[in-house]
Amino acid sequence: EISDGIISDFVIPVDEGSGHSDGSAEGGEETSSEPLTPQPEQISVDFAALQSKYPDVVGYIYCANTRNTKGQYGISYPIAYTTETASYKGTTENLYLHHAIDGSENENGTIFVEPLCAPDFSTQNTIIYGHNMKTGAMFQPLEFYKKQYYYDAHPCMYIYTPTQNYRIDLFAGCVVEHDADIYALNVSQETLQKYVQNSTFKSKTGVPTGKIVTLSTCSYEISNGRYVVLGELVPKSLAIRKPLEVALLTAPWMKRFAKLTKPLVYLFNNTANFIAHHLFGVDPHYVPNTTHSAEEIALIVEESGRSNE
């Protein structure tokens, strides 16, 4: 399949631990005829090569060791973005609803971003769609988040983009109507709190304050229903993940840089002082008297108190 070719051609494993467990110890929904080699927690994506072949790719979503109903590895897909539409069985719809990433007609479709969202994930709520296929493809593994054990095994996912990588800290999963308020591009804290309270799993993170993603797939408990898994987008950079280590590593180099550039800074500072004094008549060493007497301070406090009455 195309997705298998993308994984083999453009996705590189990164050794940052063995990843989460496969989540198959409980629940019984997942089946596997044979054990799978554990996936790495992290991957690296060759976006230059990937986008040269598939220009609509804006990201890649990955969650280590998630399995689908066929016991195969689940969530590891490119994310597409387009405003282009196509006809499928007489219905005009987003191109990637029933077309593969290469543009060919395919009932699996492609994981894609809501066209009203920004393609760079800067929207407060970036909505990402994927089918819930009986074959186990696309976003079918999201169904397992209806069980607490699955969230406990996979509390986060990752989205990789050409400019920034993100960890998705999952905080809620709910069965909703197809036009629920979670499909708004801006979602209030009160709305998010409602979804946390009604979630199919209890998260470790609580209600987020930053940007979020809504992963949406079909669900069949209600007519035209959807199951959404919500997560906070956390920028995944070395400085954010390990601030103390980065500070200790860079401090000696910053000190050397400051020492190296000290003569240049001295030259610039004195040149500016010379110009200010001789061309504009400004004393560069003048410091205005900003001290206040005890009486003046008392007056300021009194006036401040009156303004708050």
Testing the 3.5 Å rule here: is there a donor-acceptor pair between the side chains of Thr123 and Thr126? no
Between Thr261 (side chain) and Leu264 (backbone), is there a donor-acceptor pair under 3.5 Å? no
Same apolar cluster (I L V M F W Y, side chains within < 4.5 Å links), Ile222/Leu142: yes
Note: Val57 and Pro78 closest approach over all heavy atoms is CG2-CB, 4.2 Å
Sub-4.5 Å side-chain heavy-atom contact between Asn125 and Leu185: no
Criterion side-chain contact (heavy atoms from CB on, under 4.5 Å) on Met157 and Leu215, from CA distance to verdict: CA-CA 11 Å; Met157 299 185 189; Leu215 308 178; 3.7 Å; yes
Nearest-0.5 Å distance that lies between atom CD1 in Ile79 and atom CG in Asp56: 13.0 Å
Nearest heavy-atom contact between Ala172 and Ser199 is CA-OG, 3.4 Å
Is the number of heavy atoms from other residues, nucleotides or ligands under 6.0 Å of Lys202 NZ greater than 12? yes
With rounding to the nearest 0.5 Å, note down the distance linking CG in Leu170 to OH in Tyr150. 10.5 Å
Is a side-chain donor or acceptor of Ser216 paired with a backbone partner of Ile128 at a separation under 3.5 angstrom? no
Would you call Asp181 and Val187 a side-chain contact if the rule is heavy atoms closer than 4.5 Å? no
Would you check if Glu232 and Thr205 make a side-chain contact, meaning some heavy-atom pair closer than 4.5 Å? no
Sort out for me which residue in Ile111, Asn106, Thr110 forms a side-chain contact (heavy atoms from CB on, under 4.5 Å) with Asn108. Asn106
Hey, any chance Ile101 and Tyr88 share a hydrophobic cluster, counting ILVMFWY side chains that come within less than 4.5 Å of each other, even indirectly? no
Kindly give the heavy-atom pair with the smallest separation between Cys218 and Arg226, and that separation in Å. CA-CD, 4.2 Å
Residues, nucleotides or ligands: over 12 heavy atoms within 6.0 Å of Phe268 CZ: no
Measure the OH-CG distance between Tyr145 and Leu230 for me, rounded to the nearest 0.5 Å. 12.0 Å
For the residue pair Ala86 and His99, what are the closest heavy atoms and their distance? CB-CE1, 3.7 Å
ring-ring contact (aromatic ring centres under 6.0 Å, His included) test vs Tyr151 passes for just one of Phe201, Phe144, Phe171, namely Phe201
Any non-hydrogen side-chain atom of Thr163 less than 4.5 Å from a side-chain atom of Phe47? no
Looking at Leu267, is its backbone amide N or carbonyl O close enough to the side chain of Thr271 to form a donor-acceptor pair, meaning the two atoms are under 3.5 Å apart? yes
Check for a donor-acceptor pair, side chain of Asn198 on one end and backbone N or O of Lys194 on the other, with a separation under 3.5 Å. yes
Thr83 and Leu116: side-chain contact (heavy atoms from CB on, under 4.5 Å), yes or no, with the steps? CA-CA 8 Å; Thr83 57; Leu116 295 177; over 6 Å; no
Side chain proximity check, His131 to Leu97, heavy atoms < 4.5 angstrom: yes
Which heavy atom of Glu107 sits nearest a heavy atom of His98, and at what distance? O-CD2, 3.6 Å
For the backbone of Gly130 and the side chain of Thr217, can you confirm whether one donor and one acceptor N or O come within less than 3.5 Å of each other? yes
Mind running side-chain contact (heavy atoms from CB on, under 4.5 Å) on Tyr227 and Asn132 for me, showing each step along the way? CA-CA 10 Å; Tyr227 183 63; Asn132 179 356; over 6 Å; no
Check: Tyr60 and Ile43 side chains under 4.5 Å, non-hydrogen atoms: yes
Is a side-chain donor or acceptor of Ser52 paired with a backbone partner of Ala49 at a separation under 3.5 angstrom? yes
Could you tell me whether the side chain of Leu192 reaches within less than 4.5 Å of the side chain of Pro208, counting heavy atoms only? yes
Check whether any side-chain N or O of Thr214 sits under 3.5 Å from a backbone N or O of Tyr183 as a donor-acceptor pair, and report yes or no. no
I need the Ser122 OG to Gln164 CD distance, nearest 0.5 Å. 12.5 Å
Report yes if the distance between the aromatic ring centroids of Phe112 and Tyr96 is under 6.0 Å, otherwise no. no
Donor-acceptor under 3.5 Å (Tyr129 side chain, Glu114 main chain): no
Kindly determine whether Asn165 and Gln42 satisfy side-chain contact (heavy atoms from CB on, under 4.5 Å), including the steps that lead there. CA-CA 11 Å; Asn165 297 332; Gln42 295 292 308; over 6 Å; no
Min side-chain heavy-atom separation Glu221-Lys146 under 4.5 Å: yes
Enter the distance from Ile159:CD1 to Leu233:CG here, rounded to the nearest 0.5 Å. 5.5 Å
Non-hydrogen atoms of Gly109 and Met138 that approach each other most closely: O-CE, 3.7 Å
I need the Tyr149 OH to His154 NE2 distance, nearest 0.5 Å. 8.0 Å
